[in-house]
Each structure stands twice: as structure tokens, then as C-alpha cells.
*Asks:* 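Below is a structure I'd like to ask you about.
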Amino acid sequence: MPELPEVETTRRGIEPHIQKQTVADICVRQRQLRWPVSRGLKKHLVGYSIRSVERRGKYLLVNLETGTLLIHLGMSGSLRVVDSDLIPDKHDHVDIVFSNQSCLRLRDPRRFGAVLWAGKQPLQHKLLSSLGPEPLSAEFDTDYLYRASRQRKVAVKQFIMDSKVVVGVGNIYANEALFLSGIRPTVAAGKISRARYETLLGHIKAVLEKAITAGGTTLRDFVSVEGNPGYFKQELLVYGRAGEACAVCKTTLKEIRQGQRSTVYCPRCQR
DNA sequence: CAGCGCCCCTGCCCGC
DNA sequence: TGCGGGCAGGGGCGCT
């Protein structure tokens, strides 16, 4: 379940392999992803070379001279650069084949991912146009977060996971950052002080940076570009640890549900 | 606009 | 061992 650090790790992993490569073909074995993969991709891709791979939130932007291909990994997606002769797995749904016989292969067992053409102004695409700032950018600062939260009644955890507020804060890191900040996930976003948002902001940036440095957290489905699953779960303090003792005070960690997602917190440390 | 719940999907895990 | 059911979750979308 790629969060922003895994997507960034993927971007860094694939870009040097596919940059300047010319697309020879695109092979779609399973068209039904989050949205049906368009049948018209070939005309945008074949014969053109990859200029760069960027990231916006959890979307990867594969840039060509004709425009930009958006790839989202959903919950279980992974991208690898493999020899185009390598027999695909049953969940290897899309190959972008290059003229040097390598290919960029999308595997996505749960098919929550997406492959879409976004044209020459990808940031104007409706999926990207109303996204909030990047969490690691200077634009995402205490002032911004504090102001955006005023009058908001939604729980702070759902607030920081709202992509219109800030992109790339998924369930794992939202839980972790709130624990590190001593903030109870259920508190209304609008009721939290500026000082506490300053703390929270720092922890959001820190957990994401740490995870990118570590090469991405992996729980189940993520496979790194090299094909090695990299475990990092021992670093997580609350996510996946309901019923265990809090690392700080030994109180039993509690699990609740917020918006159909699991929240784990320490009832003593987080107020 | 804010808030909320649904839904896309498969693999895994648990209990019987 | 086989099987049914529940759960996991990113995030867009439709409804109130």
C-alpha cells in the first residue's frame, strides 16, 4: 500500500532507467483498473521518448513531448523495469515497452491504481488541479495548516489525510504523526491551537522524510524497483499495534474507526 | 462548500 | 484441508 514515500522511492528508482527511452509499444492485459485504461494511449506514446518522471502527491507524472501519462499505484500497485521478454505475472496489467527491450511494468493485484493520459497541462487535469501543497514543500507550513483548519469540524486525522489540505499523508503516517505529536486523532481540526499544529507539521514532515530515506515502508504488496520487499514495520509506533503497549507509557494502544479507516492511538499520551 | 458514506478489488487471516 | 466471511485501504464521487 504505497504511501508517498513509496511513490517517491518508485519515482527515483524508475526514472534513471526509463529517461530518454523511446516507447515502442504499450501492452494492456487488464484494462479495468480504478478507471478503464484508455485504448487511445498508443498514439500519445509510441515513437516518443520519456523526458522525466515527476510526482504530485501519490501520482506519478511520466512526461513525454506529447504530454504526460499519469500513473497512480492505488493500494497494491508497484512499478518495475524489467526485460520485456519476462513472462508477466497474472497481476502485471500494463507494460510500457521500450525500443531497447526493457519495459516499465505495472503490477496491481487489487486494481485500485490508474493509468491515464493527462495531456500537455497535467496540473490542470481534474485529478491534480485541486490538490493541496506537497507535505515536504516550504508552502506547507504552520501558517497554512493553522489557517486551513479554522472552522473545520472534521477530526484532525481526517483533516490531515484530506488531499485538498495536503497531499500524500496516508493512514499509516497520519497515525504515526499524531502519536508523535501527542494529539488525539478525534479532536476537531478547528479546535487545535497554532502551537500544536506547529508540532504536528514538524512530525508529518519528519515521518515522511525518514520513510523516504529508508526507501519506503512496506507492509504487504509493495515491491521495490529492484524487486526486493523492504520491511520497515518495526519503525512504526502505533500503526498495526492495537492492543500492544504504548512505547512511551505502556498504556494499551486503542483502535477505533474514522471514515472507514483504522486509527490507533495511545489514550494516555494523546489528548 | 463541508461532511459523510460508498465503492472499486484481491489477498490474507481467522474461525469452523 | 477447504471454505465463507471480514478486513485492509486511496481517494473520487455522489448525496445531504
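Below, read A as the first sequence line, B as the second, and so on, with proteins coming before strands; counting in each chain starts at 1.
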*Asks:* Mind jotting down which residue pairs meet the salt bridge (charged side-chain N to carboxylate O under 4.0 Å, His left out) criterion with at least one end in residues 194-209 of chain A? Sequence neighbours excluded, please.
*Replies:* Asp143(A)-Arg194(A)

*Asks:* Could you work out, with side chain to side chain donor-acceptor pair (under 3.5 Å) as the rule, every residue matching Arg31(A), not counting sequence neighbours?
*Replies:* none

*Asks:* With a 4.0 Å cut-off on heavy atoms, is Lys90(A) in touch with a base, just the backbone sugar-phosphate, or nothing at all?
*Replies:* sugar-phosphate

*Asks:* Over how many whole Å does the gap from Gln158(A) atom CD to dG5(B) atom C1' extend?
*Replies:* 11 Å

*Asks:* Which residue pairs satisfy the salt bridge (charged side-chain N to carboxylate O under 4.0 Å, His left out) criterion with at least one member in residues 56-74 of chain A, sequence neighbours excluded?
*Replies:* Arg56(A)-Glu134(A)

*Asks:* Run the side chain to side chain donor-acceptor pair (under 3.5 Å) test against Thr22(A) and tell me which residues pass, sequence neighbours left out.
*Replies:* none

*Asks:* How close or far is atom C1' of dA2(B) from atom CE of Met161(A), stated in whole angstroms?
*Replies:* 18 Å

*Asks:* Provide, to the nearest angstrom, the distance between the CG atom belonging to Asp108(A) and the C1' atom belonging to dT10(B).
*Replies:* 10 Å

*Asks:* For Val238(A), enumerate each residue passing the side chain to side chain contact (heavy atoms under 4.5 Å, CB included) test, keeping only those at least two apart in sequence or located in another chain.
*Replies:* Asn175(A), Glu176(A), Phe179(A), Leu253(A), Val264(A)

*Asks:* Run the side chain to side chain contact (heavy atoms under 4.5 Å, CB included) test against Thr186(A) and tell me which residues pass, sequence neighbours left out.
*Replies:* Arg184(A), Ile256(A), Gln258(A)

*Asks:* When you measure from the side chain of His91(A), which nucleotide among dA8(C), dG11(B), dG9(C) comes out closest?
*Replies:* dG11(B)

*Asks:* Is there side-chain contact between Asp92(A) and Leu86(A), with heavy atoms separated by less than 4.5 Å?
*Replies:* no

*Asks:* Can you pull out every salt bridge (charged side-chain N to carboxylate O under 4.0 Å, His left out) where at least one residue sits in residues 164-175 of chain A? Sequence neighbours excluded, please.
*Replies:* Asp162(A)-Lys164(A)

*Asks:* OP1, OP2 of dG9(C) versus side-chain N and O of Ser262(A): anything below 4.0 Å?
*Replies:* yes

*Asks:* Calculate the interatomic distance between Arg257(A) atom CZ and dC4(B) atom P; express it in whole Å.
*Replies:* 16 Å

*Asks:* Going by side chain to side chain contact (heavy atoms under 4.5 Å, CB included), name the residues that satisfy it together with Ser181(A), two or more places apart in sequence or in a different chain.
*Replies:* Ile183(A), Thr199(A), Leu200(A), His203(A)

*Asks:* At 10 degrees resolution, what angle do the end axes of the helix from dA2(B)-dT16(C) to dC16(B)-dG2(C) form when each is taken over five base pairs?
*Replies:* 40°

*Asks:* How many Å lie between CZ on Arg110(A) and P on dC9(B), as a whole number?
*Replies:* 14 Å

*Asks:* What is the separation between atom CD on Gln30(A) and atom C1' on dT10(B), rounded to the nearest whole Å?
*Replies:* 12 Å

*Asks:* Report yes if some heavy atom in the side chain of Phe159(A) is under 4.5 Å from a heavy atom in the side chain of Ile192(A); otherwise report no.
*Replies:* no

*Asks:* Does Arg111(A) make a side-chain N or O approach to OP1 or OP2 of dT10(B) shorter than 4.0 Å?
*Replies:* yes

*Asks:* Encode nucleotides 11-16 of chain C as B, S and - characters from 5' to 3', where the letter depends on protein heavy atoms closer than 4.0 Å: B to the base, S only to sugar-phosphate, - to neither.
*Replies:* BBS---

*Asks:* In whole angstrom, what separates Lys164(A)'s NZ from dC4(B)'s P?
*Replies:* 13 Å

*Asks:* For the pair made of CD in Gln258(A) and P in dG9(C), what is the distance, rounded to whole Å?
*Replies:* 12 Å

*Asks:* Which of residues 142-154 of chain A have a heavy atom under 4.0 Å from DNA chain C?
*Replies:* none

*Asks:* Show me the pairs that pass salt bridge (charged side-chain N to carboxylate O under 4.0 Å, His left out) and involve residues 32-54 of chain A, at least two apart or across chains.
*Replies:* Asp25(A)-Lys42(A)

*Asks:* Below 4.5 Å, heavy atoms only, C-beta onward: do Ile212(A) and Arg12(A) meet side chain to side chain?
*Replies:* yes

